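To start, the structure under review is shown below, and the notes come after it.
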Amino acid sequence: MSNKLFVGGLSWNTDDTLLRQSFERFGSVNEARVILDRETGRSRGFGFVTFDDNEAAQSAIAEMDGSDLDGRNIRVNEAQDRPSRRG
């Protein structure tokens, strides 16, 4: 199981710092990133949190999925590998 989590349904106001702070209580966070639109620089409403260990990631999924963050109910689950693009 991966230590990288997908976090969806984020408020447009949620930034990397708030995302990290919201998940640090579960364990050491290696990276927390809100994904931004390339053209506008605004949040796309989702991000990723990577923990140092799997136990922390599983605890975060169990407790944070469906919870309120910055006024929005968020979805938290294991991140899936991105399929390679062919073109």
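Numbering starts at 1 and runs along the sequence shown. Keep in mind the model is a prediction, meaning the values are calculated, not measured.
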[atom1]/[X] to [atom2]/[Y] distance, rounded to the nearest 0.5 angstrom?
X     : Y     : atom1 : atom2 : result
Asp53 : Phe26 : CG    : CZ    : 12.5 Å
Glu24 : Leu19 : CD    : CG    : 10.0 Å
Ser43 : Leu36 : OG    : CG    : 6.5 Å
Asn3  : Phe51 : CG    : CZ    : 9.0 Å

Can you see which heavy atom on [X] is nearest to which on [Y], and at what distance?
X     : Y     : value
Ile74 : Phe23 : CD1-CZ, 4.4 Å
Gly66 : Asn73 : O-OD1, 3.8 Å
Ala57 : Ser2  : CB-O, 4.3 Å

Are there over 12 heavy-atom neighbours, none belonging to Glu55, within less than 6.0 Å of that residue's CD?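 It does not: Glu55 CD has 12 such atoms or fewer within range.
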
Count the heavy atoms of every other residue, nucleotide or ligand shown that sit under 6.0 Å from CZ of Arg44, and state whether that count exceeds 12.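 Atom CZ in Arg44 is not crowded, with 12 or fewer foreign heavy atoms closer than 6.0 Å.
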
Between [X] and [Y], is there a shared hydrophobic cluster once you connect ILVMFWY residues whose side-chain heavy atoms come closer than 4.5 Å?
X     : Y     : result
Leu10 : Ile61 : yes
Phe6  : Leu69 : no
Phe48 : Leu18 : no

Side chain proximity check, Arg75 to Asp65, heavy atoms < 4.5 angstrom: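 Yes, their side chains come closer than 4.5 Å.
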
Non-neighbouring partners of Arg33 that pass side chain to side chain donor-acceptor pair (under 3.5 Å), sequence neighbours left out: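 With sequence neighbours excluded, Arg33 shows a side chain to side chain donor-acceptor pair (under 3.5 Å) to no residue whatsoever.
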
Contacts of type side chain to side chain donor-acceptor pair (under 3.5 Å), residue Arg72, not counting sequence neighbours: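 Scan of Arg72 (side chain to side chain donor-acceptor pair (under 3.5 Å), adjacent residues dropped) gives none.
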
Name all pairs fulfilling the side chain to side chain donor-acceptor pair (under 3.5 Å) condition that reach into residues 5-22, sequence neighbours left out, sorted by first residue then second.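 Residue pairs with at least one partner in residues 5-22: Thr14-Asp70.
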
Please check this pair: side chain of Glu31 against backbone of Thr50, looking for a donor-acceptor N/O pair closer than 3.5 Å.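 Between the backbone of Thr50 and the side chain of Glu31 there is no qualifying donor-acceptor contact (under 3.5 Å).
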
